[in-house]
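Before any comments, here is the structure.
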Amino acid sequence: MKRLLVVVDYQNDFVCGSLGFDKAKELEDRIVYLIKEYRMNGDEVIYTMDTHQSNYLDTYEGQHLPIEHCIEHSEGWQLYGKVKDLLQDSLCFKKNTFPSLDLAYYLEDKKYKDITFVGLVSNICVISNAIMAKAAQCETPIRVDLKGIGSSDEKAHQACIEVMKSLQIEMIE
């Protein structure tokens, strides 16, 4: 049985763009390593992309987070660094909000040894998608690689780790 690696929103705007932060750049090596490891072992790698339109500021999210980001086809929407090339042939789930319902539906029809999440932002999109995966595959170990996630808000980052642990999502150190 295969393992699954899910790379969440490792996009320019979250790394070096409008919502970027220094620690996000430091995650690249870990994410690249995991993508290569999973591929070498014949496991599956998929990814999500935060995807908004030019009317983002008029959306519910835009009214609560009034910083334009990940506008489809913009430079900020693109995957960051080496990850972009490594994921070009992987299945992508574009999403206009924090979790991807399409990813959850996809997981319902699959069976994995385990599912591991990396990417950005830990306390928003990583946690949202990990919880959706837990709902879709309640008997599959859902994991988050702590060396592969981050947030600009360290307090919220630590809090989301505790919430995920309480939901029986495993943390990989």
Side-chain angles (χ1 to χ4, degrees), residues 2-52 69-108 110 112-137 140-152 157 160-161 164 169-173:
K2 290 184 177 189
R3 299 179 308 152
L4 174 65
L5 177 67
V6 182
V7 180
V8 177
D9 301 357
Y10 200 64
Q11 295 165 264
N12 287 330
D13 271 345
F14 294 122
V15 179
C16 59
S18 60
L19 292 171
F21 56 101
D22 290 339
K23 186 179 184 229
K25 293 176 186 171
E26 298 169 15
L27 303 177
E28 182 180 25
D29 289 342
R30 180 65 178 171
I31 294 170
V32 166
Y33 169 81
L34 288 171
I35 293 168
K36 289 178 177 180
E37 177 193 12
Y38 273 67
R39 292 243 172 90
M40 187 172 49
N41 291 328
D43 294 316
E44 189 174 347
V45 178
I46 63 178
Y47 67 103
T48 67
M49 289 184 76
D50 199 38
T51 303
H52 300 293
H69 65 282
C70 298
I71 305 301
E72 191 168 16
H73 304 299
S74 69
E75 184 62 30
W77 177 75
Q78 302 297 321
L79 293 170
Y80 178 78
K82 298 173 190 169
V83 171
K84 181 178 183 175
D85 292 333
L86 289 172
L87 292 179
Q88 66 184 348
D89 294 328
S90 297
L91 182 59
C92 173
F93 293 90
K94 294 179 187 176
K95 56 188 193 55
N96 64 355
T97 190
F98 309 132
S100 171
L101 285 174
D102 291 335
L103 172 61
Y105 294 139
Y106 175 80
L107 293 175
E108 279 185 325
K110 304 284 185 181
Y112 295 101
K113 181 178 178 183
D114 60 62
I115 302 171
T116 299
F117 285 82
V118 293
L120 299 169
V121 170
S122 59
N123 57 295
I124 301 173
C125 293
V126 173
I127 189 174
S128 298
N129 285 286
I131 290 169
M132 297 292 272
K134 186 70 174 169
Q137 294 219 2
T140 301
I142 307 298
R143 300 181 169 136
V144 173
D145 188 306
L146 293 175
K147 294 178 185 171
I149 64 169
S151 172
S152 62
H157 174 75
C160 88
I161 290 169
M164 288 189 285
I169 296 171
E170 301 172 14
M171 299 299 120
I172 300 170
E173 307 236 8

Answer yes or no: are there more than 12 heavy-atom neighbours, outside D22 itself, under 6.0 Å from its atom CG? no
Residues 71-83 vs salt bridge (charged side-chain N to carboxylate O under 4.0 Å, His left out), sequence neighbours excluded, gives E72-K94
Go through the steps for M49 and C70 under the test side-chain contact (heavy atoms from CB on, under 4.5 Å), then give the verdict.
CA-CA 8 Å; M49 289 184 76; C70 298; over 6 Å; no
Checking L5, I46, T140 against I115 for side-chain contact (heavy atoms from CB on, under 4.5 Å), the one that qualifies is T140
request  = Please assess F117 against I127 for the test side-chain contact (heavy atoms from CB on, under 4.5 Å), listing each intermediate value before the final yes or no.
outcome  = CA-CA 9 Å; F117 285 82; I127 189 174; over 6 Å; no
Rounded to the nearest 0.5 Å, the CD atom of Q78 sits from the CD atom of Q11 at a distance of 8.5 Å
For K23, does the NZ atom sit with more than 12 other heavy atoms under 6.0 Å from it, leaving out its own atoms? yes
Across all chains, not counting sequence neighbours, the salt bridge (charged side-chain N to carboxylate O under 4.0 Å, His left out) partners of E26 are none
Please lay out, stage by stage, how V83 and Y47 fare under the test side-chain contact (heavy atoms from CB on, under 4.5 Å). CA-CA 10 Å; V83 171; Y47 67 103; over 6 Å; no
Distance col, row E108:CD vs L103:CG, nearest 0.5 angstrom, shows 10.5 Å
Residue pairs meeting side-chain hydrogen bond (donor to acceptor under 3.5 Å, both in side chains), one or both in residues 118-136, sequence neighbours left out, come to S122-H157, N123-S151
To the nearest 0.5 Å, atom CG of L87 lies from atom SG of C92 at 9.0 Å
Taken to the nearest 0.5 Å, the spacing of M40 CE from E37 CD works out to 6.5 Å
When rounded to the nearest 0.5 Å, the distance separating CG of L19 from NE2 of H69 is 5.5 Å
ring-ring contact (aromatic ring centres under 6.0 Å, His included) pairs touching residues 77-101, sequence neighbours excluded, are Y10-Y80, H73-W77, F93-Y106
Rounded to the nearest 0.5 angstrom, the CG-CG distance for D13 and L120 is 11.5 Å
T116 side chain reached by R3 side chain, heavy atoms, under 4.5 Å
no
Checklist line | Short side-chain to backbone donor-acceptor contact, Q137 and L107, under 3.5 Å | finding: yes
Those residues at least two apart in sequence (or on a different chain) that pass salt bridge (charged side-chain N to carboxylate O under 4.0 Å, His left out) with R30 are D145
Derivation of the side-chain contact (heavy atoms from CB on, under 4.5 Å) call for D43 and Y112
CA-CA 9 Å; D43 294 316; Y112 295 101; over 6 Å; no
The single option from I149, T48, V121, V118 that satisfies side-chain contact (heavy atoms from CB on, under 4.5 Å) with V126 is I149
In short, salt bridge (charged side-chain N to carboxylate O under 4.0 Å, His left out) pairs touching residues 95-105 with sequence neighbours left out are D9-K95, D50-K95
